[in-house]
Structures are given as structure tokens and as C-alpha cells.
Amino acid sequence: MKGERLLLLSGIFLLQGVHSCPEKCVCHPSSNFVDCRHRGLTEIPPDLPPQTLTLLLQDNQIRQLPAHVFRSVPRLVTLNLSNNSLSHLAPEVFHGLRHLQVLNLTHNSLLSLESRLSHSLPQLRELDLSSNTISHLPTSLGKPWENLTMFAVRGNQLQHLDRRLLESMPSMRLLLLKDNLWKCNCHLLGLKLWLEKFIYAGGITDGVICGSPDIWKGKDLLRIPHELYQPCPLSVPHLAVQQHGVAHEEVPKSPENHNSGERDPVSCEVKPKPRPTNLRHAVATVVITGVVCGIVCLMMLAAAIYGCTYAAITAQGHGGPLVQTSDSGKTGGKEVFDHSPA
Ligand SMILES: *[C@@H]1O[C@H](CO)[C@@H](O)[C@H](O)[C@H]1NC(C)=O
Ligand SMILES: *[C@@H]1O[C@H](CO)[C@@H](O)[C@H](O)[C@H]1NC(C)=O
Ligand SMILES: *[C@@H]1O[C@H](CO)[C@@H](O)[C@H](O)[C@H]1NC(C)=O
Ligand SMILES: *[C@@H]1O[C@H](CO)[C@@H](O)[C@H](O)[C@H]1NC(C)=O
């Protein structure tokens, strides 16, 4: 039955003079669309038609991708690898896909992202890495990803995201970050500042909900006031705590500080203390606003009194009331409705 169908399909393709189609896939030659969804594939099928533009490989059990595996389909624009078993991407996997615009890697088991991915995929517009187990993303992709407008890492295990990574995606419009383990300490301040600029410039994001520390758990990173963040300790935490001048001055006193500098768990947490300063600012603002409003009101009142007095004096000068009572008009109107019974 299956064989018959394949034979028939092959026959059709031969008649149309089109390249062969992989055994387990369905090819739509008119649209250069190859559908290999849900076929129990464990590897990329060979013999993909070279003119393929869209390749659907979702819902299979592909575990790994050898380097240059997509060399035979250089015109590919959309590649869907959603819901497979990929845990690692070798550096050169997507090599040669110079025209790829959409890459869907959702629902795999990826742990990270290859740092030179942007070199292989210069035209990429949408990269969806949601629902993986990514706990770390590279700081930089090597060079700017000029055309990337959508980047999604929802449902992963990220605690931190370096703003330099986002800065290498200057065309970004949609950024999906929800459902991660965001650690809202001083190291996330860069992301917060970047997001504020991004949103101000019209970018769309689904937000960063803190997973830790406990005081911010469940809170939106963007709603935590800046004042509550201390600058991150410099490479030498002990000196950095002191005055600026001292921090620049000298070589570290004790060598073990070198290691703790990167992620010092204590000095790194946000401090919830400066809240009163914030409150005082708010109160001062309200008081000042009140005083200014009061002054403006008094001036308006004075102007009104002056205007009225002037008008009254002018009216007296003319020797008669300014406005005539509309008595006649009223009675006239009444008469219309006031008819006696027949
Ligand atoms: C993922 O693919 C498997 C087949 O490999 C399928 O049974 C399952 O429904 C798919 N899951 C989703 C969320 O589509
Ligand atoms: C990729 O596959 C998923 C699952 O079938 C689907 O929801 C999604 O729309 C596809 N995306 C693209 C770009 O083909
Ligand atoms: C990727 O596939 C998922 C489903 O697995 C879908 O929800 C998502 O919209 C797709 N992403 C893109 C960019 O098409
Ligand atoms: C970005 O897209 C434009 C228009 O499609 C294209 O001309 C340009 O070469 C792309 N940039 C890169 C780095 O490929």
C-alpha cells in the first residue's frame, strides 16, 4: 500500500521532470515544499530536492545533525526541526544555509547555542529556541545578526542573559523570554536597561519574571525600581565596595578574590533598603506639585474677580442689564403644549 503510493508519487515527479523525493517525505514540487513531519526519522533524509525552500522535519526523533548536513539544499528559507531530540548543535551544522530566514528548534533538548551561528545563517529573521533546556547563551555571536527580528527562548532554564548578545541583534522586534529561571540580581540589570530601551523603541517582549532571589520571585524584572540595584562588584569585590579611587588603584591583595569576582553571591543580591529614599522623592514631588497648583489657582481666582468687577463697572456705565430675561420666550414655548381639552 505504502509502496504503491510512493511509486505513484515517484511516477508523478518523474513525469514532471522534478528531482527525486526522500522515501519518507512528501514533496510539493510546485512550491518547493518538502514535508517529512512525524515519520519517525532519526536523521535528515538524503536525496532532498536541491531546490527545496521549506523543509518540515518536526515531530521526529532526530538526535543529532552532522556538519554540513544541509549542504544539498542551499536555497532553504524555512527549516522546522521542532519536537525532535536534539541536544547539541555542532558548529557547522547550518553551514551553507545562506538564505535561511526561519529556524524552528522548539521542543528539543538543547543546552546552549553555537556562538558562531550568525556566521552560518546571515539572513536569519526568526529563531525559535523555546521549550529546550538551555541554561546558558553565548555572550556574543561573533558578528551582528543584522536581519534577526524575532528571537524566542521561552521555557528554558536561563538565569542570565548578557545584553551584548541582544545588542548583536539590532533589528529585533519581538523577544520572547518568559518561563525561565531568571535570577534578578545585579547581573540582570544590563538586561533590564536594554529591555527598557527596546520597549521604548517599540519592541515587543513577553517579559522577564524573576525566579530568584526570594524577594523578587514571581516579580516582573521591569517593575523592580533601578534604585534597588547596586552596581555589580568589579573584578575585585573587596576594593569595589570601597570608594571609586581606591578600586582603580591597586592589584588584588589576596589571590582568591580572582575567582569570586565573577559571581559573588552575597554582594551581588539586590538590596531592598533604599526604598525610603524613593518614597521621600515621591512625597517631595507631591508637595511641590500641590504648592504650584495652589499658586496657579489663586492667580486664576484673582483674574476672575478682576474680570467680573470690570464687567460690572462697564455694565453700569451703559445703564442697563446686560442680559434680558427670556420670559416672553418661555411663555411662548408653554403655549404650544398648553392646549385646552376639546
Ligand atoms: C512530538 O512528536 C511525537 C512523535 O515523534 C508526537 O507523538 C508528539 O505528539 C509530538 N508532540 C507535540 C507537542 O507535537
Ligand atoms: C514548526 O512546527 C510546529 C509544530 O508542528 C508548528 O507549530 C510551527 O508553525 C512550524 N513553524 C514553521 C515556521 O514551520
Ligand atoms: C515553532 O514551532 C512551535 C511549535 O512547536 C510554534 O509554536 C512556534 O510558533 C514556531 N515558531 C516559529 C517562529 O514559527
Ligand atoms: C538583510 O536583508 C536584506 C534584505 O533582504 C539583505 O539585502 C541583506 O543582505 C541582509 N543582510 C545580511 C547580513 O545578509
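One-based numbering, in listed order, for ligands and for the atoms of each.
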*asked:* If we ignore hydrogens and angles and just use 3.5 Å, is the side chain of N60 paired with the main-chain N or O of G40 as donor and acceptor?
replied: yes
_Which residue in the set L176, T106, L137 passes side-chain contact (heavy atoms from CB on, under 4.5 Å) when paired with V153?_
L137
_Atoms in ligand 3 with a heavy atom of E126 nearer than 4.0 Å_ = 13 (C)
*Nearest-contact summary for atom 8 (C) of ligand 4 - protein heavy atom, Å*: N147 ND2, 3.7 Å
*Measure across L148 and M169 and return the closest heavy-atom pair with its distance rounded to 0.1 Å.*
CD2-SD, 3.8 Å
*By number and element, which atoms of ligand 3 are closer than 4.0 Å to a non-hydrogen atom of N104?*
1 (C), 2 (O), 3 (C), 8 (C), 10 (C), 11 (N), 12 (C), 14 (O)
*Ignoring hydrogens, tell whether any protein atom lies closer than 4.0 Å to atom 2 (O) of ligand 4; use the non-hydrogen atoms only.*
yes
*Could you check which of K143, E146, R98, Q123 puts a non-hydrogen atom nearest to atom 13 (C) of ligand 4?*
E146
*Taking only heavy atoms of H107, which atoms of ligand 3 are found under 4.0 Å from at least one of them?*
5 (O)
*Does at least one non-hydrogen atom of R125 fall below 4.0 angstrom from an atom of ligand 4?*
yes
*If you measure only the distance, is there a donor-acceptor pair under 3.5 Å linking the side chains of E196 and H226?*
yes
*asked:* Please work out, at 4.0 Å between heavy atoms, whether the side chain, the backbone, both, or neither of H99 comes within that distance of ligand 4.
replied: neither
*asked:* For a side chain to side chain contact (heavy atoms under 4.5 Å, CB included) check, start with the C-alpha distance between L221 and W216, then their side-chain angles and the critical distance, and finish with the verdict.
replied: CA-CA 8 Å; L221 176 69; W216 302 127; over 6 Å; no
*Salt-bridge test for D59 and R37: reply yes if a basic N is under 4.0 Å from a carboxylate O, no otherwise.*
no
*Quick one: closest heavy-atom pair of S131 and N156, and the distance?*
N-ND2, 3.9 Å
_Contacting atoms of ligand 4, where contact means under 4.0 angstrom from a heavy atom of P122_ = 12 (C), 13 (C), 14 (O)
_Under 4.0 Å to a heavy atom of T106 - the qualifying atoms of ligand 3, by number_ = 1 (C), 2 (O), 3 (C), 4 (C), 5 (O)
*asked:* Given R39, Q61, R37, H38, identify the one with the heavy atom nearest to atom 5 (O) of ligand 1.
replied: Q61
*Would you check if there is a donor-acceptor pair between the side chains of S171 and T149 at a distance under 3.5 Å?*
no
